[in-house]
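Because the structure is a prediction, the values reported are computed rather than measured. Protein chains get the first letters and strands the later ones, always in sequence-line order, with residue 1 at the start of each. Excluded from the calculations below are hydrogen atoms, water molecules and symmetry mates; all remaining heavy atoms, backbone and side chain alike, are included.
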Protein chains: 2
Amino acid sequence: MTKLRSDETVTMQSVAVAAGVSPMTVSNTFRYPERVQEETRQRVLKIAAELGYIPNHAAGNLASGQSRVIGAVIPSIKNSSFYNYVRGMQDHVATEGYQLILKLADTLSQEASAIRTFVGLRVAGIALVGDEHESDVKTLLRKTGVPVVESWVHENPFDMAVGYSTSDATRVITELLIERGYRRIGFVGYQGDVSSRFTERVPTFKQSMEKAGLDSYRIFLVDQADGFGAGPKALEGLCAIDPDLDAIVCPTDIVAAGVLFECGRRGWKVPERLAIAGWGDYEIASEITPGLTTVQPHSYEMGQRAMSLIIERAAGSGATGMMVDTGFHIVKRASA
Amino acid sequence: MTKLRSDETVTMQSVAVAAGVSPMTVSNTFRYPERVQEETRQRVLKIAAELGYIPNHAAGNLASGQSRVIGAVIPSIKNSSFYNYVRGMQDHVATEGYQLILKLADTLSQEASAIRTFVGLRVAGIALVGDEHESDVKTLLRKTGVPVVESWVHENPFDMAVGYSTSDATRVITELLIERGYRRIGFVGYQGDVSSRFTERVPTFKQSMEKAGLDSYRIFLVDQADGFGAGPKALEGLCAIDPDLDAIVCPTDIVAAGVLFECGRRGWKVPERLAIAGWGDYEIASEITPGLTTVQPHSYEMGQRAMSLIIERAAGSGATGMMVDTGFHIVKRASA
DNA sequence: AGCCGCAGCTCTTCAGCCGTG
DNA sequence: TCACGGCTGAAGAGCTGCGGC
């Protein structure tokens, strides 16, 4: 004997004794119900419930090398952008008898630490956002062979990916503004080390403008951490480039809302003085006045598909390199 | 032999062989570095890194009966209300060498399922929000003896609690409105099965009004799921009770922002025609115009203290029944 | 002081038992 | 004779507590 664990610890063994069966029958009752006679099963289940028995996942994981837990790393919960993504993941795993656990990571090194925790836990799979990760953890993930899905990623998956083309969406929303007659269009991006799902929009914006014979120099970068506060800064920065700016493309609806609030302070009419396009179709986009014209990624579906890719792999089918395009659409409201 | 695991699985054993030491020395290197000679430790660490070794938490948990993982159940990430709470938790556990994992649960039964997952994982402790939980899981938690902290709870903890008095905050914000000369004050609450941290505000509001000799019948309940949309509904409902309503107390800044947007649509000046008080000091409270006067709970500290209570208990000190009051303060802005 | 061997944590895989048709 | 349904026992899975050298 080694441990000074309380004697009252409820184990499979104690359930077995109380139910008058072997531990194996208890195990089978939970894992392969069809292998156990109805009557026996009911008895075991009843006893287990009475004793408050919950199978020790650590022991099961160790013995079987399998897990029904999937880990997801989420960049932030500061705003609602990942709400539907997480709901999609959660709803899908529930239907398959899996469990989802989350870790938050604002930076690459936090992401790396979260991944190490998940690997230590020997989860069935890992869902990441974006395609930039520390090279050490990439090596680690390769070595362990755990299924990994990158979300919001549209090409060159590390393992598997689910997402949509931010380039396509940038082109479509820019062309929409051009079509509606705006000419002096400004673009707001994020500065510093941000995900490529933001940085790859800039060249596409330029191309779309140039293709229409328009100038593409109205570009201003803000700090991703600024939230709503980025709006006023962006507007000021773009007005310094061109005081006659007539439209603005924002990296998120939060920034767009910040711009809209600032227009309110300045007494600028939207969209008459300035048209505003957002990104993400957050709840606020439909609630403020005027409503925000914005890109709606299909985040809920993205979450669902991310989980189904992992579960398929864990179940034996599925393969590395799989990619799913969940698309996007433009929600047209009054702001642009 | 049992498993058909890949032979390349990196275990403590394989690290030990490669480093020319026993498995126990590898174990000590990770868990009790001071027990191992500097030179040996460096060698083991180097080999471990080369092989991409991550200790199997399941095996360690099983062998030691301990865990460095803490589970937290969060009601929602739809808006930013729990952002600082989670940051506080995460920052604190990191300093203590623990890891935080999250599960989202919108309903009591989802919470129960999340708790069962955490118990199955044999986490070191569990952080919950609010004081309402399924009675089955309460029994289960009692039986397992896992440390549990309830947050946003100010009295009668199930095990331990950290929070502030929503009653006190309701009184203070109501008295602020009265002091500022508002008389026809309306109160917005949530209908249905919501946490007591919302329901207990109603009686306090009534008391505060009556104590000042004012009418307290201007009360309207909205659906918690409505988000910003609850604002217009609440305003309409309260105007039906009293068209000359001059101030409104909202359950969250989101609802308050919804009311503010609706005032914009109606052409009502804030706070001249209607004063608005929010709750939570979300990011939007300082960004919209006018800024929202609101209750600022010290969520970051709440998260930190929740984790320290759990870690103390896991480390042997600490006791059931512990409670921490993290307080609150009122942020005065232009809306009221 | 620094390092090691043994036994054991709880569960699952697999082989096999026993009685029946 | 064998197949099959329902159950069981032995042997680890990878790690750590403890005592020994």
Any side-chain N or O of [X] below 4.0 angstrom from OP1/OP2 of [N]?
X: A/Thr40; N: D/dC7; answer: yes
X: B/Ser27; N: D/dT16; answer: yes
X: B/Ser64; N: D/dC15; answer: no
X: A/Arg31; N: C/dT13; answer: yes
X: B/Thr11; N: D/dA13; answer: no

| said: Donor-acceptor check, side chain of B/Gln90 to backbone of A/Leu104, threshold 3.5 angstrom: yes or no? | reply: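 Present.
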| message | Reading DNA chain C from 5' onward, which residue's closest nucleotide shows up sooner: A/Tyr32 or B/Ala59? | response | B/Ala59
| First encountered from the 5' end of DNA chain C, between A/Gln13 and B/Ser22 |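 Closest to the 5' end, via its nearest nucleotide, is B/Ser22.
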Atom pair distance, as rounded to whole Å: [atom1] in [X] and [atom2] in [N]:
X: A/Arg35; N: D/dG6; atom1: CZ; atom2: P; answer: 12 Å
X: B/Asn28; N: C/dC3; atom1: CG; atom2: C1'; answer: 8 Å
X: A/Leu62; N: D/dG12; atom1: CG; atom2: P; answer: 14 Å
X: B/Arg41; N: C/dG2; atom1: CZ; atom2: C1'; answer: 13 Å
X: A/Leu121; N: D/dG14; atom1: CG; atom2: C1'; answer: 15 Å
X: B/Gln66; N: D/dG17; atom1: CD; atom2: P; answer: 6 Å
X: B/Asn56; N: D/dG12; atom1: CG; atom2: P; answer: 18 Å
X: A/Met12; N: C/dC11; atom1: CE; atom2: P; answer: 5 Å

| Contact class for B/Pro23 (heavy atom, under 4.0 Å): base, sugar-phosphate, or nothing? |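 Contact class for B/Pro23: none.
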| query | With sugar-phosphate meaning primed atoms plus P, OP1 and OP2, does B/Tyr53 contact a base, only sugar-phosphate, or nothing at under 4.0 Å between heavy atoms? | reply |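 Here B/Tyr53 touches the backbone only, sparing every base.
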| field | Selection from C/dG2, C/dT12, C/dC6 that lies nearest to any side-chain heavy atom of B/Met24 | value |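 Nearest to the side chain of B/Met24 among the choices is C/dC6.
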| Out of D/dC7, C/dC9, D/dA13, which has the shortest distance to the side chain of B/Ala63? | C/dC9
| With both distances kept under 3.5 Å, what pairs with C/dA1, Watson-Crick or G-U wobble? | none
| Hey, does the Lys NZ or Arg CZ of A/Arg142 hover above the aromatic six-ring of A/Phe158, less than 6.0 Å from the centre and inside 45° of the axis? | yes
| message | Can you confirm whether more than 12 heavy atoms, excluding those of A/Glu39, are under 6.0 Å from its CD atom? | response |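 At most 12 heavy atoms, drawn from other residues, nucleotides or ligands, come within 6.0 Å of this atom.
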| said: Taking A/Lys46 first and then A/Glu50, would you say they form a salt bridge - that is, a charged N and a carboxylate O separated by under 4.0 Å? | reply: yes
| query | Quick one: do the B/Thr117 and A/Gln99 side chains pair a donor with an acceptor below 3.5 Å? | reply | yes
